[in-house]
2 protein chains.
Amino acid sequence: MNIGEAAKASGVSAKMIRYYEQAGLIPQAARRDTGYRYYGDNDVHRLRFIRRARDLGFTVEQIGDLLSLWNDRSRASADVKALALGHVEALRAKVAEIQGMIATLETLAASCHGDDRPDCPIIAGLEEGIGSPLPRPAPRRFGKAGVPAS
Amino acid sequence: MNIGEAAKASGVSAKMIRYYEQAGLIPQAARRDTGYRYYGDNDVHRLRFIRRARDLGFTVEQIGDLLSLWNDRSRASADVKALALGHVEALRAKVAEIQGMIATLETLAASCHGDDRPDCPIIAGLEEGIGSPLPRPAPRRFGKAGVPAS
DNA sequence: TCTTGACCTTACCATCGTGGTAAGCCCCAC
DNA sequence: GTGGGGCTTACCACGATGGTAAGGTCAAGA
């Protein structure tokens, strides 16, 4: 099948299929005489795997590792589990970070009467520094690759 | 003071100060004869405000709105509160999304014995589709601008 | 006075995953 | 044979941030 059909069958856009190929996540697709890529069921299977891993928040790089593990029929399941649990830890850290933001915002919002009057503790909180004067530059351990945007 | 001092005083890197200026978040800085930008205490105050808003996960665009509200001494506190609570909603959605990922991963990991043997339900889950066959393209309502990377 | 090093300037490039666009070729159905 | 849709590559864009390079400036010390 052509790339469009593979896209429909796998849930990965044609655009992203080309990107994954270029990124080395999937092998170079076979080509027809015209230059069109063509795909078989195996390829779609692999793409679906990738799609699901993305839905679970793995980065493209991590998916590369997962694919290696998938293809290595003799690897220990412990290796896979370690990768998965490591990712869970990263996700949890992200959640904690966001929940900290939520808590601060809710505290501020709770003390804001939210009516016609102009004075507002939310603005004041941003001005003055909420709890600590400057929460310090944030370790940013999960920057960029932490969790995909969507 | 020069940009470096303003950066230290505000917790915003010189790089980002220039970026915020270019993005219209802060007005064009005054310049010395040499072309050096210089800043006063007001500017640092504004930068600190921005810094804290970023720490709370507001996007640069939203911070623009916040700054407008800050500068508009006659706006209703309700306007600020609405912005803040809207953001809280977006953050909560993000948390829910990530927690869904965590739940799935933990379910998979729990059923993986995690020893030397190669068979692994985590890989199988990615292959077969975890719960629903294809979780469907994800509404992606909070893409890009949802929550900053770090 | 000259030098040195720290600071400033602008203009680029990279990240990460995704979407868009444009120019041009290909294929199938009518 | 023609039209519309699919395919190709090669670009640009996003958002927020960091990096680098090439060049101007400033202040302190020799």
Side-chain angles (χ1 to χ4, degrees), chain A residues 1-26 28-39 47 50-51 53-64 90 94 97 137-150, chain B residues 1-26 28-39 47 50-51 53-64 90 94 97 137-150:
Chain A
M1 71 193 85
N2 286 342
I3 198 170
E5 291 163 274
K8 252 175 235 161
S10 66
V12 177
S13 73
K15 201 78 201 246
M16 292 314 296
I17 295 178
R18 294 195 197 97
Y19 172 73
Y20 293 148
E21 175 180 327
Q22 193 256 317
L25 218 49
I26 52 182
Q28 303 271 328
R31 302 287 188 130
R32 300 190 200 279
D33 289 351
T34 62
Y36 282 25
R37 289 169 180 82
Y38 68 92
Y39 299 89
L47 285 168
I50 292 172
R51 170 70 153 73
R54 283 295 297 144
D55 287 341
L56 289 179
F58 287 97
T59 65
V60 167
E61 194 184 1
Q62 289 171 322
I63 296 175
K94 191 81 185 172
E97 185 190 348
R140 116 167 23 256
R141 283 182 298 158
F142 304 106
K144 310 287 181 178
V147 174
S150 153
Chain B
M1 73 192 86
N2 287 342
I3 198 171
E5 291 163 275
K8 254 175 233 162
S10 65
V12 177
S13 73
K15 201 78 202 246
M16 292 315 295
I17 295 177
R18 296 194 195 98
Y19 172 74
Y20 292 148
E21 175 180 326
Q22 193 255 316
L25 260 197
I26 52 182
Q28 303 269 328
R31 303 287 189 130
R32 299 190 201 280
D33 290 352
T34 62
Y36 282 25
R37 289 170 180 83
Y38 68 92
Y39 299 89
L47 285 169
I50 293 172
R51 169 70 153 76
R54 283 295 298 141
D55 287 342
L56 289 178
F58 287 97
T59 66
V60 167
E61 194 184 2
Q62 289 170 321
I63 296 174
K94 190 79 184 173
E97 185 190 346
R140 115 167 25 257
R141 283 181 300 159
F142 304 107
K144 312 286 180 179
V147 174
S150 155

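A quick note: this is a predicted structure, and the numbers were derived from the prediction, not measured. Residue numbers start from 1 in every chain, and the chains themselves are labelled A, B, ... in the order their sequence lines are given, proteins ahead of strands.
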Quiz item: Any side-chain N or O of A/S13 under 4.0 Å from OP1/OP2 of C/dG19?
Solution: yes
Exercise. Only counting residues at least two apart or in another chain, list the ones meeting side-chain contact (heavy atoms from CB on, under 4.5 Å) with A/A30.
Key: A/Y38
Self-check item: A/R37: partners by side chain to side chain donor-acceptor pair (under 3.5 Å), with sequence neighbours left out
Solution: A/E21
Quiz item: To the nearest angstrom, how far is B/F58 atom CZ from D/dA16 atom P?
Solution: 13 Å
Quiz item: Whole-Å distance between D/dA16 P and B/E21 CD?
Solution: 17 Å
Quiz item: Between B/I3 and B/Y36, does a side-chain contact (heavy atoms from CB on, under 4.5 Å) hold up when you go through it step by step?
Solution: CA-CA 8 Å; B/I3 198 171; B/Y36 282 25; over 6 Å; no
Exercise. Summarise how protein sits on nucleotides 2-12 of chain D as a single string, 5' to 3': B when a protein heavy atom is under 4.0 Å from the base, S for sugar-phosphate-only contact, - for no contact.
Key: ----BSBB---
Self-check item: Side-chain donor/acceptor of A/R54 to backbone N/O of A/F58, under 3.5 Å
Solution: yes
Quiz item: Expressed in angstrom and rounded to an integer, what is the separation of A/M1 atom CE from C/dC27 atom P?
Solution: 18 Å
Self-check item: For atom CZ of A/R32 and atom C1' of C/dC28, their distance in whole Å
Solution: 14 Å
Practice problem: Give the rounded distance in Å between these two atoms: CD1 of B/I17 and P of C/dT9. | Solution: 10 Å
Practice problem: Report the distance from atom OH of B/Y19 to atom P of D/dG18, rounded to the nearest whole Å. | Solution: 12 Å
Quiz item: Between B/Y20 and B/I63, does a side-chain contact (heavy atoms from CB on, under 4.5 Å) hold up when you go through it step by step?
Solution: CA-CA 10 Å; B/Y20 292 148; B/I63 296 174; 5.8 Å; no
Quiz item: B/R31: what forms a side chain to side chain donor-acceptor pair (under 3.5 Å) with it, not counting sequence neighbours?
Solution: none
Quiz item: Do the side-chain N or O atoms of A/Y20 get closer than 4.0 angstrom to the phosphate oxygens (OP1, OP2) of C/dT18?
Solution: yes
Exercise. In whole angstrom, give the distance that lies between atom CG of B/D33 and atom P of D/dT25.
Key: 11 Å
Practice problem: Using whole Å, report how far CD of A/E61 lies from C1' of C/dA14. | Solution: 15 Å
